[in-house]
Amino acid sequence: MYGLVNKAIRDMVCEKFGEDTWETIRQKAEVEVDTFIGMEAYPDDITHRLVKAASEVLAMPPPEILKAFGEYWVIYTAEEGYGEMMDMAGDNLPDFLQNLDNLHARVGVSFPQLKPPSFECTNVAEDSMNLHYRSTRQGLAPMVFGLVGGLGKRFNVEV
Ligand code: 1DX
């Protein structure tokens with residue numbers, strides 16, 4: 001995954017628990033890199049090791065780490081250079097979710113190593129829809145609950 005993801009994990013841990021906790025997690029994960037480059041692709045294994053180590057150090061199950069990270073990602077990317085892109089994706093929850101595949105397609109033009117997940121919306125009604133998440137990656141589904149929750153906060157709607 002692009003370094004932006006690992007950088008976001010690092011910044012979330014540092015923000016919520018401090019640099020020392022991050023250092024403990026990084027060492028437990030046997031990750032050599034400390035300063036991830038956002039636009040560089042890293043092996044997915046690094047991300048998975050960081051999540052596993054964070055779950056051990058923080059005594060939280062991995063799905064909870066992933067959920068918290070999903071919420072954080074929505075705020076983080078809006079503040080770390082992708083605010084305009086996020087604004088363009090829609091100004092309400094259903095529009096945003098229906099535009100996610102386009103957003104990823106646009107990112108993928110500049111960053112060909114992106115492996116975008118797909119979010120398909122069906123049965124879109126006034127205040128409900130079915131959201132189908134498909135990914136080439138295993139194990140990240142709990143993050144999607146956090147992502148959608150983060151979007152709910154962004155658009156001031158209950159999810
Ligand atoms: F509901 O893969 C709201 O590396 C949502 O299954 C869901 O393959 C918002 F570094 C720049 C860059 C780069 C911008 F410069 C990513 F290249 C992308 C910013 C999306 C904001 C997907 C990240 C693939 C990396 C993936 C969970 C789970 C999608 C993470 C969340 C808006 C993003 O994101 C899975 C990769 C961006 C960028 C957004 C994602 C890769 C999402 C959302 N994904 C890279």
Side-chain angles (χ1 to χ4, degrees), residues 1-16 29 31 33-55 60-125 127-159:
M1 284 206 260
Y2 277 94
L4 187 64
V5 173
N6 299 325
K7 217 159 83 67
I9 293 176
R10 179 195 193 279
D11 290 352
M12 178 178 78
V13 168
C14 287
E15 216 172 274
K16 294 189 180 173
V31 169
V33 195
D34 184 52
T35 314
F36 294 101
I37 298 160
M39 298 180 185
E40 192 169 288
Y42 294 83
D44 279 9
D45 188 50
I46 292 188
T47 309
H48 288 118
R49 266 160 34 213
L50 287 174
V51 171
K52 185 166 179 282
S55 123
M60 274 165 77
E64 266 189 53
I65 303 268
L66 286 166
K67 187 169 174 246
F69 180 55
E71 275 213 25
Y72 187 79
W73 176 261
V74 171
I75 297 162
Y76 186 80
T77 49
E79 286 175 352
E80 296 292 319
Y82 300 97
E84 202 177 323
M85 184 182 84
M86 297 283 276
D87 289 344
M88 273 176 40
D91 53 16
N92 59 70
L93 182 66
D95 280 0
F96 193 99
L97 290 173
Q98 286 172 293
N99 265 320
L100 262 173
D101 287 4
N102 296 324
L103 180 155
H104 284 110
R106 241 173 284 125
V107 175
V109 172
S110 312
F111 301 98
Q113 292 188 74
L114 195 81
K115 289 193 206 151
S118 167
F119 295 86
E120 188 194 350
C121 304
T122 63
N123 302 319
V124 181
D127 55 10
S128 69
M129 68 160 70
N130 293 339
L131 179 66
H132 307 260
Y133 160 66
R134 295 185 184 85
S135 178
T136 60
R137 300 189 168 97
Q138 290 290 323
L140 297 181
M143 185 177 168
V144 175
F145 292 101
L147 286 161
V148 175
L151 289 175
K153 283 188 181 161
R154 176 178 168 93
F155 296 119
N156 274 307
V157 289
E158 233 179 276
V159 178

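Atoms within each ligand, like the ligands themselves, are counted from 1 in listed order. FYI, side chains are in, hydrogens and waters are out, and symmetry mates aren't considered; it's all heavy atoms of this structure.
In terms of protein heavy atoms, atom 10 (F) of ligand 1 is closest to Gly38 O, 2.8 Å. Protein heavy atom nearest atom 2 (O) of ligand 1, with residue, atom name and distance: Arg137 NH1, 2.8 Å. Nearest non-hydrogen protein atom to atom 41 (C) of ligand 1 is Leu114 CD1, 3.5 Å. The protein heavy-atom contact nearest to atom 25 (C) of ligand 1 is Val5 CG2, 3.7 Å. Of the protein's heavy atoms, Leu147 CD1, 3.6 Å lies nearest to atom 7 (C) of ligand 1. For atom 19 (C) of ligand 1, the closest non-hydrogen atom of the protein is Met85 CE, 3.5 Å. In this structure, atom 17 (F) of ligand 1 lies nearest to the protein heavy atom Phe111 CG, 3.1 Å. Nearest non-hydrogen protein atom to atom 42 (C) of ligand 1 is Leu100 CD2, 3.9 Å.
Using a 4.5 Å heavy-atom threshold, the side chains of Val159 and Phe145 count as separate. Counting only heavy atoms from C-beta outward, the side chains of Thr47 and Asp44 never approach each other to under 4.5 Å. By the 4.5 Å heavy-atom criterion applied to side chains, Thr35 and Arg10 are not counted as neighbours. Taking the side chain as every heavy atom from C-beta outward, Pro62 and Lys52 never approach each other to under 4.5 Å. Under the 4.5 Å side-chain criterion, counting only non-hydrogen atoms from C-beta, Lys67 is not in contact with Met143.
Near Thr77, meaning under 4.0 Å from one of its heavy atoms, ligand 1 places the atoms 19 (C), 21 (C). Of all atoms in ligand 1, numbered sequentially from 1 with element shown, those under 4.0 Å from a heavy atom of Met39 are 10 (F), 15 (F). Near Tyr133, meaning under 4.0 Å from any of its heavy atoms, are these atoms of ligand 1: 6 (O), 28 (C), 35 (C). Atoms of ligand 1 lying under 4.0 Å from at least one heavy atom of Lys115, given by number and element, are 8 (O), 24 (C), 36 (C). Close contacts of ligand 1 with Leu140, meaning ligand atoms under 4.0 Å from a residue heavy atom, involve 28 (C), 35 (C).
Considering all non-hydrogen atoms of both residues, Ser118 and Asp101 come closest at OG-OD2, 3.1 Å. Among all heavy-atom pairs drawn from Pro142 and Gly139, the shortest one is CD-O, 3.5 Å.
The heavy atom nearest to atom 22 (C) of ligand 1, considering only Ala141, Pro117, Ser135, is found in Pro117. Closest to atom 30 (C) of ligand 1 by heavy atom, among Met143, Arg154, Lys7, Arg134, is Met143. Proximity annotation for atom 38 (C) of ligand 1: of Phe69, Tyr2, Trp73, Trp73 comes nearest, heavy atoms only.
Proximity of Val148 to ligand 1, defined as any heavy-atom pair under 4.0 Å, is not found for any part of the residue. With a 4.0 Å cut-off on non-hydrogen atoms, Leu4 touches ligand 1 through its side chain and not its backbone. The proximity of Val144 to ligand 1, defined as any non-hydrogen pair under 4.0 Å, does not occur for either the backbone or the side chain. Residue-level proximity to ligand 1 for Leu151 is carried by the side chain, the only part with a heavy atom below 4.0 angstrom.
The CD1 atom of Ile9 lies 7.0 Å from the CE atom of Met1; values are rounded to the nearest 0.5 Å. Distance check: Leu103 CG to Thr77 OG1 gives 8.5 Å after rounding to the nearest 0.5 Å. Within the model, atoms NE2 of His132 and OG1 of Thr122 stand 3.0 Å from one another, a figure rounded to the nearest 0.5 Å.
Side-chain contact of Glu120 with Tyr133: a donor-acceptor pair under 3.5 Å is absent, judged by distance alone. Side-chain contact check for Tyr76 and Asp11: at least one donor-acceptor pair (N or O, by modelled atom type) lies under 3.5 Å.
Residue contacts with ligand 1: His104 is included, with a non-hydrogen atom under 4.0 Å away.
The six-membered or imidazole ring of Phe111 lies near that of Tyr2, with a centre-to-centre distance under 6.0 Å.
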